[in-house]
Amino acid sequence: MPPRKGLRPETRKALREWYAENGRDLPWRRTRDSYPVLISEIMLQQTQVATGLPYWLRWMERFPTIESLASATEDEVLAHWQGLGYYRRARNLHEAAQKIISQGWPKSAKEWRQLPGIGDYTSGALASITLDEPVPAVDGNVERVFARVERCRLTGGKLSAEAKVWALGLVPNDQPGDWNQAMMELGARVCRPRFAECDVCPLSPDCQSSHQADRHEYPVRIKSTKTQQVERHHAVFVSEGAIALARIEPGAWWEGMWEFPEVAAPMGPVIARERHQVTHHRIVSHAYVVSDQPTGSRMFELAQVAELAMPAAQRRLLNSVLSELK
DNA sequence: AACTCGTGGTC
DNA sequence: TGACCAAGAGT
């Protein structure tokens, strides 16, 4: 492994100036208040910011403080997370909130790291932003910037480990949170996955891939698994303005949430159909009207259904079913 | 270390 | 359409 050249002081200064001009308009990132930063860090992981923002706004209305989150039930938490995906994150966040209530707010990255759902990235982001601790926050953006700047061809955990060493050597004592956010914003806006705009990049003078034709080949991609097709069938039973739903069993996708009762095989004409994707599975869900209440299901008034946690595809299926039955 | 989790957008 | 991607963590 060749030694890292790192970034010269004038280049680091250029990045901070770039961020001061271009990166400060994220409304949820301007506070040192731990709670909103915690929510945004957890909620927006693996989610497009534009998608996540409305969720964040609604969340902060429903759970404005760490106390309100800690005292909510898990069903309430899931109901307000629904549609975002990665529901385990919501459960971990809920558990973390309860630990924070009993133990107090973490006082270092190491303490943040102990909480469920808080890994290397999130602990670094939270400690640098809310505590001014000079620790790096290495997400996919920073890994990509690192891979291009240093022309590193590692993948997976090895790339991640190298990027963390690199980032640790760069993070300043002065405003480390802004530095980390600058690195991430640079990756999101300039050193983008499919195109690196080297012309406007403040790191360009010290980047080994700058303006090179192969710069988009970093980081090296791992070939993905082929997607499988999955067919699912669901019973629609409506009676006296109520509809039958079943709680999803432990171990299944979306465990603990609610969906139309699943049946093994088609049951007559399809009245609604939705498709969606989970990892490398493409799922097509079909809905059929049945005349008896499926075993294991519960009846809900439509007003109640609005407050249940349902997978996004089941929520869409419900809307199609309701418009079909009108 | 590879695999898994959810979803919506992009090209 | 379909593969790829996005402020990762847990197993």
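Below, chains carry the letters A, B, ... as their sequence lines are ordered, and counting in each starts from 1.
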Distance test, side-chain N/O of A:His276 to OP1/OP2 of B:dG8, below 4.0 Å:
no

Tell me: CD of A:Gln277 to C1' of B:dC5, nearest whole Å?
13 Å

With a non-hydrogen cut-off below 4.0 angstrom, is A:Arg144 in contact with a base, only sugar-phosphate, or nothing?
sugar-phosphate

Over how many whole Å does the gap from A:Arg282 atom CZ to C:dG2 atom C1' extend?
7 Å

Is A:Tyr121 side chain donor-acceptor paired with the C:dG8 base, going by distance under 3.5 Å alone?
no

With a 4.0 Å cut-off on heavy atoms, is A:Arg275 in touch with a base, just the backbone sugar-phosphate, or nothing at all?
sugar-phosphate

Checking all strands, does A:Ala137 fall into the base, sugar-phosphate, or nothing category for heavy-atom contacts under 4.0 angstrom?
nothing

Checking contacts here: which listed nucleotide (B:dA1, C:dG10, B:dT4) is nearest the side-chain heavy atoms of A:Asn92?
C:dG10

Within the structure shown, what part of the strands sits under 4.0 Å from A:Ile118 by heavy-atom distance: base, sugar-phosphate, or nothing?
sugar-phosphate

Whether the A:Glu150 and A:Tyr218 side chains hold a donor-acceptor pair (N or O, under 3.5 Å, no angle test) is what I'd like checked.
no

Do the two ring centres, one from A:Trp254 and one from A:His276, sit under 6.0 Å apart?
yes

Between A:Gln277 and A:Thr227, is any side-chain donor less than 3.5 angstrom from a side-chain acceptor?
no

Mind checking the CG-CZ spacing from A:Leu245 to A:Arg298? Nearest 0.5 Å is all I need.
9.5 Å

Could you measure between the two C1' atoms, the one in C:dC5 and the one in B:dC5, and give it in whole Å?
16 Å

Atom pair distance, as rounded to whole Å: CH2 in A:Trp81 and P in B:dG6
11 Å

Contact class for A:Arg316 vs. all strands (heavy atom < 4.0 Å): base, sugar-phosphate, or nothing?
sugar-phosphate

Which residue lies more 5' along DNA chain C, comparing A:Arg88 with A:Gln45 via nearest heavy atoms:
A:Gln45

May I ask you to say what A:Arg89 touches in the nucleic acid, namely base, sugar-phosphate or nothing, with a heavy-atom cut-off under 4.0 Å?
base

Round to the nearest Å and state the distance from A:Gln82 atom CD to B:dT7 atom P.
10 Å

Hey, does A:Gly156 reach any base, or is it just sugar-phosphate, or nothing, if we go heavy atoms under 4.0 Å?
nothing

For nucleotides C:dT11 and B:dG6, find the distance between their P atoms and express it as a whole number of Å.
14 Å

If you look at every strand shown and take non-hydrogen atoms under 4.0 Å, does A:Gly83 touch a base, only sugar-phosphate, or nothing?
sugar-phosphate

Contact class for A:Gly157 (heavy atom, under 4.0 Å): base, sugar-phosphate, or nothing?
nothing

Rounding to a whole Å, what distance do you find between A:Ile222:CD1 and C:dC4:P?
12 Å

Sorted by position of nearest nucleotide on DNA chain B, 5' first, the leading residue of A:His281 and A:Arg194 is A:His281

Residues A:Arg12, A:Asp206: salt bridge by 4.0 Å N-O rule:
no

When rounded to the nearest 0.5 Å, the distance separating CZ of A:Arg192 from NE2 of A:His216 is 8.5 Å

Check the phosphate of C:dA9 against A:Thr122, side-chain N and O only, distance under 4.0 Å to OP1 or OP2. Yes or no?
yes

Nearest whole angstrom, please: distance from the P of C:dG2 to the CD of A:Gln229.
7 Å

Can you tell me how far P of C:dA7 sits from CH2 of A:Trp56, to the nearest Å?
19 Å

Can you tell me the distance, in whole Å, between the OH atom of A:Tyr19 and the P atom of C:dA7?
14 Å

Using a cut-off of less than 4.0 Å, is there contact between a side-chain N or O of A:Tyr87 and OP1 or OP2 of B:dT7?
yes

Starting the side chain at C-beta, find the nucleotide from C:dA3, B:dC5, B:dG8 nearest to A:Tyr86.
B:dC5

Do A:Asn92 and A:Arg89 pair up side chain to side chain, a donor and an acceptor below 3.5 Å, judged on atom types alone?
no

Could you tell me how far C:dC4 sits from B:dT4 if I compare only their P atoms? Round to whole Å.
16 Å

Taking the same atom, C1', in C:dT1 and in B:dG8, what whole-Å distance lies between them?
16 Å

So does A:Trp254 get a side-chain nitrogen or oxygen closer than 4.0 Å to the phosphate oxygens (OP1/OP2) of B:dC5?
no

Side-chain atoms of A:Asp139 come closest, of B:dT7, B:dG9, C:dA7, to C:dA7

Picking from B:dG6, C:dC5, C:dA7, which would you name as closest to the side chain of A:Arg221?
C:dC5

Separation between the C1' atoms of C:dG8 and B:dA1, rounded to whole Å:
16 Å

